[in-house]
Amino acid sequence: MIEITPKKSLGQNFLTDQNIAKKIVGLLELTANDFVIEIGPGTGALTGLLLETGANLTCIEIDKRAVDLLNSKFPADEFDNLTICHDDFMKFGIKELAGGKKVKIIGNLPYYLTSGILFKIFESHRCVDRAILTMQREVARRLTAKLRTKDYGILTVAVNLPGNAKMEFNIPPSCFYPKPKVMSSVISLRFDRAGRPDSEYINSEYINIMKLVRASFNYRRKTLTNSLKGFVKSFAGTEMDALLSKAEQNDIDFFSKRAEELNPEDYVELYKFIKDI
Ligand code: SAM
């Protein structure tokens with residue numbers, strides 16, 4: 001039974017299949033020592049299962065009706081491992097909440113906000129251990145795309161710089177109320193770069209590297225020589241011609257390629273080259 005009338009404007013498609021809910025929560029492999037953030041708990045399809053693990057859970061929900069419902073389902077005097085915040089996740093400080101610890105994030109996302117939520121998580125990746133997120137399949141495909149395909153783009157590079165994304169399983173519309181128009185997918189994200197090259201550099205320069213990635217994909221049919229003229233000028237204060245001759249001297253051959261031909265490590269190398277010019 002659905003206890004509140006779903007609002008389309010808030011992306012409310014409530015999960016009604018208990019087995020799927022269990023499968024999603026199981027992917028987070030929670031113990032009582034974990035610290036978890038649930039984005040958009042809604043009527044609590046995942047919340048009760050998360051609480052059963054004994055983990056410390058903070059839920060962030062924008063809809064006051066859902067917050068009131070959750071408070072009555074999970075009263076504070078019975079669930080001392082739960083904090084329910086009536087808040088907009090986009091205004092919420094993951095880092096402040098984590099307070100130096102690594103958090104796990106879970107959510108069946110409101111699809112109107114999927115990209116925004118993903119970038120917010122990526123930008124806070126240093127305090128996130130992993131995330132299990134349900135989203136529209138089209139976005140899941142972009143996160144897990146292969147080099148030189150039409151789905152390979154800003155999102156693919158954005159997740160693979162600090163971590164990686166894995167497609168777990170699909171969920172048909174019939175498992176939600178109301179049924180979304182699209183197929184959904186559960187994605188797991190991990191942000192453990194220990195031992196990978198350049199991990200400290202990527203941590204500290206992530207936001208700037210992403211500016212380069214966005215500029216590169218802005219005109220994805222063009223070569224980087226053409227698409228990056230503006231970025232090179234504004235970021236490094238240099239003309240493209242000067243950069244190209246320096247690139248030739250240093251055997252850097254990215255500029256004749258298109259954005260979708262560079263892997264995430266190439267973007268780090270290209271960023272360093274432009275920054276150090
Ligand atoms: N977790 C529930 C479930 O699986 O049935 C609800 C999922 S529903 C797809 C998305 C939820 O995100 C809704 O409860 C909606 O109110 C909430 N939401 C939408 N925008 C939000 C925002 N900016 N911050 C926090 N929650 C939001």
Side-chain angles (χ1 to χ4, degrees), residues 11 13 15 20 23-24 27-28 39-40 89-90 94 104-126 128-173 175-176 179-193 196 202 205-224 227-228 231 254 257-271:
N13 299 97
L15 183 66
I20 300 274
K23 225 169 135 182
I24 294 172
L27 288 171
L28 215 45
I39 305 168
F89 179 72
M90 297 310 289
I94 301 178
K104 293 183 174 180
I105 299 182
I106 192 164
N108 293 338
L109 301 183
Y111 292 172
Y112 77 98
L113 208 50
T114 304
S115 290
I117 290 173
L118 285 171
F119 283 113
K120 188 175 167 85
I121 294 173
F122 299 158
E123 284 167 16
S124 307
H125 69 265
R126 271 180 280 190
V128 181
D129 171 47
R130 67 172 93 165
I132 304 293
L133 304 171
T134 305
M135 63 193 70
Q136 50 277 59
R137 184 166 64 179
E138 172 221 332
V139 181
R141 281 188 172 142
R142 287 197 262 144
L143 284 170
T144 55
K146 298 265 178 290
L147 202 64
R148 296 190 184 87
T149 60
K150 80 171 173 28
D151 286 328
Y152 184 83
I154 298 171
L155 263 181
T156 329
V157 181
V159 69
N160 281 292
L161 282 170
N164 60 67
K166 182 177 169 217
M167 176 82 88
E168 296 290 353
F169 56 90
N170 292 320
I171 313 181
C175 294
F176 297 91
K179 292 181 194 167
K181 289 202 175 68
V182 293
M183 189 72 147
S184 302
S185 301
V186 179
I187 285 281
S188 59
L189 307 176
R190 285 180 182 258
F191 298 100
D192 180 13
R193 279 195 58 92
R196 282 169 69 182
I202 291 171
E205 293 290 324
Y206 182 75
I207 290 176
N208 282 330
I209 300 172
M210 282 310 300
K211 286 183 186 158
L212 165 69
V213 174
R214 284 176 207 278
S216 306
F217 279 99
N218 249 343
Y219 305 94
R220 59 184 295 149
R221 297 273 119 225
K222 293 188 177 179
T223 63
L224 295 183
S227 55
L228 287 180
F231 177 83
F254 296 131
K257 296 185 175 170
R258 285 180 289 140
E260 66 191 34
E261 296 177 286
L262 269 62
N263 65 38
E265 287 73 26
D266 293 335
Y267 277 104
V268 179
E269 205 182 316
L270 178 59
Y271 174 78

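What you are looking at is a predicted structure, and each value in this text was computed from that prediction instead of being measured.
Applying the ring-ring contact (aromatic ring centres under 6.0 Å, His included) rule to Tyr112 yields no partners; only residues at least two apart in sequence or on another chain are considered. For Ser184, the side chain to side chain donor-acceptor pair (under 3.5 Å) partners two or more places apart in sequence, or in a different chain, are Tyr111. Residues that satisfy the side chain to side chain donor-acceptor pair (under 3.5 Å) test with Glu269, not counting sequence neighbours, are absent from this structure. Contacts of Asn13 classified as side chain to side chain contact (heavy atoms under 4.5 Å, CB included), with partners at least two apart in sequence or in another chain: Phe176, Pro178, Pro180. The side chain to side chain donor-acceptor pair (under 3.5 Å) search around Asn170 returns Ser185, not counting sequence neighbours. In this structure Lys166 satisfies the salt bridge (charged side-chain N to carboxylate O under 4.0 Å, His left out) test together with Glu168, sequence neighbours excluded. Under the rule for a salt bridge (charged side-chain N to carboxylate O under 4.0 Å, His left out), the partners of Lys104 that lie at least two apart in sequence or sit in another chain are Asp34. Tyr271 is linked by a ring-ring contact (aromatic ring centres under 6.0 Å, His included) to Phe235, counting only residues two or more places apart in sequence or in another chain.
Among pairs with a residue in residues 138-154, those fulfilling side chain to side chain donor-acceptor pair (under 3.5 Å) read Glu138-Arg142, at least two apart in sequence or across chains. For residues 206-221, every residue pair satisfying the side chain to side chain donor-acceptor pair (under 3.5 Å) rule, not counting sequence neighbours, is listed here: Asn208-Lys211, Arg220-Glu260.
What you find for Leu15 and Ile24 is that their closest heavy atoms are CD2-CD1, 4.1 Å. Between Met135 and Thr114 the shortest heavy-atom distance is CB-CG2, 3.8 Å. Closest non-hydrogen pair, Pro173 versus Lys179, comes out as O-CG, 3.5 Å. For Phe231 against Ala215, the heavy-atom pair with the smallest separation is CB-CB, 3.9 Å. The two residues Gly116 and Met90 have their closest heavy-atom pair at O-CE, 3.4 Å. In this structure, Ile20 and Cys175 approach most closely via the heavy-atom pair CG1-SG, 4.3 Å.
Counting only distance, with no hydrogens or angles, the side chain of Asn160 and the backbone of Val157 share no donor-acceptor pair below 3.5 Å.
In this structure, the side chains of Pro110 and Ile117 come closer than 4.5 Å at one or more pairs of heavy atoms. Inter-residue side-chain proximity for Phe119 and Met210 is flagged as met; some heavy-atom pair is nearer than 4.5 Å. Contact annotation: the side chain of Leu161 never approaches that of Phe122 to less than 4.5 Å [non-hydrogen atoms, C-beta and beyond]. The closest side-chain heavy-atom distance from Ile171 to Met183 is not below 4.5 Å. Counting only heavy atoms from C-beta outward, the side chains of Thr223 and Lys257 never approach each other to under 4.5 Å. For the pair Thr156 and Leu143, the minimum side-chain heavy-atom distance is 4.5 Å or more. No side-chain heavy atom of Leu133 sits under 4.5 Å from any side-chain heavy atom of Ile106. No side-chain heavy atom of Ile132 sits less than 4.5 Å from a side-chain heavy atom of Ile105.
Residue Arg258 holds its CZ atom at 10.0 Å from CG of Leu224, rounded to the nearest 0.5 Å. Atom CZ of residue Phe169 and atom CG of residue Leu27 lie 5.5 Å apart, to the nearest 0.5 angstrom. Rounded to the nearest 0.5 Å, atoms CG (Asp129) and CG (Leu189) are 11.0 Å apart. Remark: Leu212 CG to Leu270 CG distance equals 5.0 Å, nearest 0.5 Å.
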Passes side-chain contact (heavy atoms from CB on, under 4.5 Å), Leu113 versus Phe89? Steps please. CA-CA 10 Å; Leu113 208 50; Phe89 179 72; 5.9 Å; no
Which is it for Phe191 and Ile121 under the side-chain contact (heavy atoms from CB on, under 4.5 Å) test, yes or no, and what are the steps along the way? CA-CA 10 Å; Phe191 298 100; Ile121 294 173; 4.0 Å; yes
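Within 6.0 Å of the CZ atom in Arg130, the count of heavy atoms belonging to other residues, nucleotides or ligands exceeds 12.
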